[in-house]
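To keep things clear, I will list the structure first and then write my remarks on it.
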Amino acid sequence: VAIFSGFPGQPNMSIMKFPNKASKLPGLATSLKNAGYRTRFTYGGDANFTNTRAYMFSCGFEELTDETSMSLSGHRSKWGYADDIVLDYAADKIIERISQDDSPVFDAILTLSSHEPFEVPYKRLDNPMLNSFAFTDAQIGRFVEKLRNSPAWENLLIILLPDHSTPHPVSIGNNSPERHHIPMHWLGGAIKENMTVTEYMSQTDIAATLLGQLGLSHKEFIFSKDVSNAGSSKFAYWAFNNGFGLIDVNGVTIFDYTTGKELRREGDPESTRLNHGKAILQKTFIEIRKL
């Protein structure tokens, strides 16, 4: 929901479990479909899990492929097909689509092998969890190379990012900003120049940033900011069970709303981060009630 609707996570609920509300959120795929893109979502497991299927269709994906509509050979875990065969399948479909005509395409793929019970057809590291991460990483590398060596690469943009961080290393507290820090990579033939972007942003900012690069409106994504816009505020907000965190160039604030106290405050003592985070949290639930 954060990636495709630019909508913040909630501390004690998941809006995905309320289809009547989630279906009214804006959708990145809808914006791109309205701009002429063909849209598809691919997942090697059961897309009915946590109402994913209903949400993906409501936010603009015209086609959804999951384990019920695939007939692939290879390793399966309890969650579905392993990432190697799903990413091969997805790459072939992208290349096939782009070779058919000049219509732009938007494909989203959700991996699953880097998830407990961490059973993968791969042996590189002794730790099962880290080994499964290495497996998914290797398959993403193969996926990128397959596309790099195809006619699809020239105008292709690939965005790689996780939906959340991991419990590794275990020495990091669940409420710490380090636990919620994730990477994002943009690559492909459509990239004009190499650069590292160090601005603070969240998954909620993907929609406005991508649509902004394409010259498309993103005004309906009210929580999303275009980080390429020099005038946008640079911060990252995240929610966890019974609280939230907010980090910006001046420091970090983590708040527990059960106790009504800050769990962590670093940086500028005069910062308005606490009120900023409270405002986002309040606005999130105001918008949920309006849906």
Side-chain angles (χ1 to χ4, degrees), residues 1-3 8-12 14 43-45 49-50 75 77-80 82-84 86-87 109-144 158-187 196-206 227 234-259 261-267 271 273-274 277 281:
V1 170
I3 295 169
Q10 303 92 57
N12 58 359
S14 169
Y43 175 52
F49 181 72
T50 320
H75 180 82
S77 72
K78 74 173 187 177
W79 292 103
D83 291 342
D84 55 348
V86 173
L87 287 170
I109 306 157
L110 177 61
T111 62
L112 58 73
S113 292
S114 55
H115 196 290
E116 57 81 24
F118 309 118
E119 298 172 353
V120 294
Y122 188 79
K123 181 59 178 176
R124 178 178 168 187
L125 302 172
D126 291 333
N127 183 302
M129 178 172 65
L130 298 183
N131 186 65
S132 74
F133 296 170
F135 171 71
T136 293
D137 182 69
Q139 305 322 310
I140 290 172
R142 289 179 55 250
F143 170 79
V144 170
I158 301 173
I159 300 178
L160 302 173
L161 79 160
D163 58 343
H164 58 77
S165 188
T166 77
H168 186 86
V170 294
S171 58
I172 299 176
N174 287 333
N175 296 333
S176 70
E178 292 81 9
R179 176 66 69 216
H180 298 272
H181 187 188
I182 59 172
M184 177 174 65
H185 300 283
W186 289 33
L187 59 154
T196 299
V197 177
T198 59
E199 307 285 7
Y200 287 114
M201 64 181 296
S202 306
Q203 289 121 321
T204 52
D205 300 322
I206 299 296
V227 295
K234 306 301 191 294
F235 67 90
Y237 166 91
W238 68 93
F240 56 88
N241 287 342
N242 297 324
F244 66 80
L246 193 145
I247 189 169
D248 60 20
V249 294
N250 296 313
V252 59
T253 295
I254 300 175
F255 180 76
D256 179 274
Y257 72 68
T258 301
T259 62
K261 297 180 180 179
E262 291 175 280
L263 299 177
R264 181 170 173 178
R265 181 200 292 177
E266 295 178 5
S271 171
R273 278 190 310 275
L274 179 59
L281 180 64

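Numbering of residues begins at 1 and proceeds along the displayed sequence.
A pairwise comparison of heavy atoms in Tyr43 and Leu110 identifies CD1-O, 3.3 Å as the closest pair. Residue Ala82 comes nearest to Ser113 through the heavy atom pair CA-OG, 3.5 Å, listed as atom of the first residue, atom of the second, then distance. Nearest heavy-atom pair, Ser114 versus Thr136, reported as atom, atom and distance to 0.1 Å: N-OG1, 3.5 Å. Closest heavy-atom contact between Leu112 and Gly45: CD2-N, 3.5 Å. Considering every non-hydrogen atom in both Lys123 and Leu125, the closest pair reads NZ-O, 3.3 Å. When every heavy atom of Ile3 is checked against every heavy atom of Ile206, the shortest pair comes out as O-CB, 4.3 Å.
Residues Ser176 and Arg264 are in side-chain contact: their nearest non-hydrogen atoms beyond the backbone lie under 4.5 Å apart. Side-chain atoms of Glu262 and Thr253, non-hydrogen and from C-beta on, do get closer than 4.5 Å to each other. Looking at Val120 and Ser77, their side chains never come closer than 4.5 Å, going by heavy atoms from C-beta outward. In this structure the side chain of Phe118 never reaches within 4.5 angstrom of the side chain of Leu130, judged on heavy atoms. Within the 4.5 Å cutoff, no side-chain heavy atoms of His181 are placed close to those of Ile247.
The closest donor-acceptor contact from the side chain of Gln10 to the backbone of Ala239 lies at 3.5 Å or more, if one exists at all. A donor-acceptor pair is defined here as one N or O able to donate and one able to accept, closer than 3.5 Å; no such pair exists between the side chain of Ser202 and the backbone of Thr204. Under the 3.5 Å distance criterion, the side-chain polar atoms of Ser165 are matched with a main-chain donor or acceptor of Arg179. Listed for the His75 side chain is a donor-acceptor partner under 3.5 Å among the backbone atoms of Glu119. Checking side-chain atoms of Trp79 against main-chain N and O of Glu116 turns up a donor-acceptor pair under 3.5 Å. Looking at Gln203, its side chain does come within 3.5 Å of a backbone N or O of Pro162 through a donor-acceptor pair.
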Next on the checklist: Determine whether Tyr237 and Asp205 satisfy the following criterion, side-chain contact (heavy atoms from CB on, under 4.5 Å), listing intermediate values before the conclusion.
Outcome noted: CA-CA 10 Å; Tyr237 166 91; Asp205 300 322; over 6 Å; no
Checklist entry - Yes or no on side-chain contact (heavy atoms from CB on, under 4.5 Å) for Asn131 and Arg124, after CA distance, side-chain angles and deciding distance? => result CA-CA 6 Å; Asn131 186 65; Arg124 178 178 168 187; 3.7 Å; yes
Next on the checklist: Let's go through Leu160 and Phe143 carefully: what are the C-alpha distance in whole Å and the side-chain angles of both, what is the deciding distance for side-chain contact (heavy atoms from CB on, under 4.5 Å) to 0.1 Å, and is it a yes or a no?
Outcome noted: CA-CA 12 Å; Leu160 302 173; Phe143 170 79; 5.5 Å; no
Checklist entry - After noting the C-alpha distance and the side-chain angles of Thr111 and Val86, does the key distance pass the side-chain contact (heavy atoms from CB on, under 4.5 Å) rule? => result CA-CA 8 Å; Thr111 62; Val86 173; over 6 Å; no
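Separation of atoms NE2 (His185) and CD1 (Ile159) is listed at 12.5 Å; rounding is to 0.5 Å. Once rounded to the nearest 0.5 Å, the distance linking CD1 of Ile182 with CG of Asp163 reads 8.0 Å. Of the inter-residue distances, the one linking Leu246 atom CG with Leu281 atom CG reads 11.5 Å to the nearest 0.5 angstrom. Here Arg142 contributes atom CZ and Ile140 contributes atom CD1; the two are 11.5 Å apart, rounded to the nearest 0.5 Å. Separating the CG atom in Asn241 from the OH atom in Tyr257 is a distance of 8.0 Å, to the nearest 0.5 Å.
Using cut-offs of 30° and 60° for the angle between ring planes, the Phe240 and His180 rings count as tilted.
When ring centroids are compared, Tyr200 and Phe235 stay outside the 6.0 Å threshold.
Within 6.0 Å of atom NZ in Lys78, more than 12 heavy atoms from other residues, nucleotides or ligands are found, so the atom counts as buried in its surroundings.
Side-chain contact of Tyr122 with Asp83: a donor-acceptor pair under 3.5 Å is absent, judged by distance alone.
With sequence neighbours excluded, no residue forms a ring pair (Phe, Tyr, Trp, His ring centres under 6.0 Å) with Phe133.
A salt bridge between Arg273 and Asp248 is present, with a side-chain N of the basic residue lying under 4.0 Å from a carboxylate O of the acidic one.
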